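In this text the structure is predicted, and so the values were computed from the model without any measurement.
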Amino acid sequence: MEKKLSQLTQKLEHEYIGKKIDPTITELCFDSRDVKEGSLFFALPGTHVHGNKFIPKAIEQGAVAIVFQDELPSETLNAAQLGSKNGNEVALIKVPDSRFAMSPMAEAFYDNPSAKLVIIGVTGTEGKSSTVAFVWQLLRLCGKTAGFISTVQYSTGDDAIANPEHQTTPEAPIVQRQLYEMLQNGCHFAVVESSSHGLSLRTNRLGNVHFDAAIWMNVTHEHLEFHGTVEQYKSDKANLFRSLDTHNHKKIICGREQNIPAFGVINLEDPEADYFAKATKHPVYGFTTFGKAGRENKNASCIVPAKVNEYQAHDLVASAEGINFNLKEAKATQYISVEAPLPGAFNTYNVMAAIITVSKITGIPIEEVAEKAKLLEPVKGRMTLIDCGQPFEVIVDYAHTPSSFETIFPPLRKRAKGKITAVFGSGGERDTKKRPEQGRIAALWCDTVILADEDPRGEDSVELLEMIAVGARKVGKTEGKGLYIIPDRKEAIRKAFQLAQKDDIVLLLGKAHENSIIYKDYVMPYDEISTAKELLMEL
């Protein structure tokens, strides 16, 4: 892929510093370590270090153009004038916000791939990764070519592979590149996990993705260290729905122009359903289980916004093996039987959203799509059962917020024959207000709470876990009597297995699919499922 710099700056507020030159760009980079000859380097302001510091290194490695914000020191200007690795002068492009600029420039570099794909976005505090996976699987099961981007895995047209990053929505150049690769691999559909960070205008990661369908699962207390307030967090998520109104939905699919049906899909059980329904002028479809699949008494008697077409789940039965329910449109008399081999009642929300979306975006009758649900495969680290012949149940899940705890614990408590032990922590340098709530909710529903490292980052592990323990102590848990603080996660899991008796349930929460634990000075490779299996074999 090659583009002239002038082709990438057409939609960009910018100015040249020094000579106006127009080099050929062969690659987009925002990490100086990735720069090669012919690269354009985006110097991004960081939390601790400004990316402008790395401009000389990028030039040394062959960058032919630099996009930056703020002022440059004289030594950087000198480096640019001395020229790149191949001796050519380097183009210096100053913009108001270098991170924001990545999206329109990446869109131009990769030939606007989202104008040639049917794009489905999924947002929400919880359930995004599973819903993305189920939409992608159902599209393929219905004979459609599709790719997807999510926290857990991604696919550019082939089978899904593990996502090595902890970032839900990648930076804009990666998003646009993966959409381009999907197109090159013959995909007609793309499903994009759309985090609040990715939808925020502060990062603009998804600002130039032309979405056709928007799915919203829920919004709860999370990521306030970034958004500042719950209102801003909610508004950033709603940008997905607003984006439906910013472009027409005529797209070149399979070489011919087609009108793509634009619509939203929302969870009617969340109190903010009306807010999201009003965020777009396009049709909106809602789903509800009447509170049967979520937190007990959670907005079970939801008020359906006037413009929303309602779909309902009746007669829900959930077990460790899967879910069964009857799906119907509110005004219809016919029920559609849905069976999915997915543990956890909450998966009903994810499956309903996926079935509705795939039916509406493809035009395939909903009963035909629903029939495919029995072939769905669970997502790694989402209520994953670990069975090594032990006499107790071990479940690995990504739950790490108070609301996700309130969703998974009650149904487990109802079916538990023995005691429940939960092992979890909380991410360092992230929202601190949720920590005591995590401890309180876990202590209410579990017999034993074991607190362990998740990703402490720059925080002291013990101090972080003590903040969670405050909530557990408020409901009666004390050290050695239902509460343990064991920062070493492997040792914490070992302790949980040592305490477990026949018919107990041990929950390992918060790490799931992730492949490392992040500390201040290093990143430790780590796999929760492999660790659990290793320790179970020691019993």
Side-chain angles (χ1 to χ4, degrees), residues 47-48 123-128 151 166-169 195-200 202-203 216-238 267 270-272 275-276 294-299 346 397-410 422-446 449-477 483-485 487 489 507 509-512 514 517-520:
T47 305
H48 304 295
T123 196
T125 308
E126 294 141 13
K128 295 188 298 296
T151 309
H166 282 214
Q167 198 175 46
T168 300
T169 303
S195 69
S196 57
H197 289 68
L199 291 164
S200 169
R202 288 171 57 190
T203 70
W216 167 71
M217 302 306 296
N218 46 59
V219 61
T220 62
H221 190 290
E222 180 74 329
H223 298 308
L224 298 193
E225 81 290 340
F226 176 82
H227 300 280
T229 65
V230 173
E231 278 302 309
Q232 186 61 52
Y233 176 48
K234 181 174 70 173
S235 179
D236 285 339
K237 283 193 171 298
N267 177 1
D270 192 288
E272 300 294 347
Y275 178 87
F276 283 82
R295 287 174 280 173
E296 293 189 335
N297 301 317
K298 180 191 174 187
N299 200 32
F346 63 85
D397 193 74
Y398 193 49
H400 61 283
T401 63
S403 58
S404 61
F405 282 10
E406 289 179 328
T407 298
I408 68 167
F409 287 142
V423 179
F424 65 93
S426 196
E429 299 177 358
R430 298 293 187 270
D431 187 0
T432 59
K433 292 181 181 178
K434 73 176 185 180
R435 293 173 187 174
E437 270 297 280
Q438 286 177 287
R440 182 187 67 82
I441 296 165
L444 279 173
W445 293 100
C446 301
V449 171
I450 302 178
L451 303 179
D453 287 345
E454 189 174 301
D455 284 315
R457 297 184 175 88
E459 292 193 51
D460 178 89
S461 290
V462 175
E463 289 180 8
L464 189 160
L465 299 177
E466 281 287 352
M467 294 176 71
I468 305 173
V470 168
R473 293 187 186 109
K474 283 184 177 179
V475 291
K477 295 290 193 284
L483 176 64
Y484 298 86
I485 297 178
R489 195 167 180 101
L507 292 164
L509 306 176
K511 291 305 295 177
E514 294 181 348
I517 298 178
I518 304 171
Y519 291 93
K520 181 179 180 180

Look only at the side chain of [X] and the backbone of [Y], and say whether a donor-acceptor pair between them is shorter than 3.5 Å.
X	Y	answer
Glu126	Asn218	no
Asp270	Val219	yes
Asp460	Val462	yes
Thr123	Lys237	no
Asp453	Arg489	no
Ser196	Asp236	no
Arg202	His197	no
Gln438	His400	yes

[X] versus [Y]: any side-chain heavy-atom pair under 4.5 Å?
X	Y	answer
Leu507	Phe424	no
Lys128	Thr151	no
Phe409	Leu444	no
Ile408	Trp445	no

For residues [X] and [Y], report the shortest heavy-atom separation together with the two atoms involved.
X	Y	value
Ala422	Leu509	CB-CD1, 4.4 Å
Ile517	Pro456	CG2-CD, 3.9 Å
Ala512	Asp397	CB-C, 3.9 Å
Pro487	Ser461	CB-CB, 4.2 Å
Ala238	Tyr275	CB-CE2, 3.7 Å
Ala469	Leu451	N-CD1, 3.7 Å

Applying side chain to side chain contact (heavy atoms under 4.5 Å, CB included) to Ile468 and Val449, what does each step give before you reach the verdict?
CA-CA 10 Å; Ile468 305 173; Val449 171; 5.9 Å; no
Could you tell me whether the side chains of Tyr233 and Thr125 share a donor-acceptor contact shorter than 3.5 Å?
yes
When you check the side-chain N and O atoms of Thr401 and Ser404, is any donor under 3.5 Å from an acceptor?
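There is such a pair (donor and acceptor under 3.5 Å, judged by atom type) between the side chains of Thr401 and Ser404.
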Would you call Glu437-Arg440 a salt bridge at under 4.0 Å N-O?
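Yes.
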Do Glu466 and Arg473 pass the side chain to side chain contact (heavy atoms under 4.5 Å, CB included) test, and can you show the C-alpha distance, the side-chain angles, and the key distance before you say yes or no?
CA-CA 10 Å; Glu466 281 287 352; Arg473 293 187 186 109; 2.9 Å; yes
What distance do Ile450 atom CD1 and Leu483 atom CG have between them, rounded to the nearest 0.5 Å?
9.5 Å
To the nearest 0.5 Å, what is the distance between CD (Glu454) and CG (Leu465)?
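The CG atom of Leu465 is 9.5 Å from CD of Glu454, to the nearest 0.5 Å.
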Go through it in stages, so that I can follow the logic: the residues are Glu514 and Asp455, the test is side chain to side chain contact (heavy atoms under 4.5 Å, CB included), and I'd like the CA-CA distance, side-chain angles, deciding distance and then a yes or no.
CA-CA 10 Å; Glu514 294 181 348; Asp455 284 315; 3.5 Å; yes
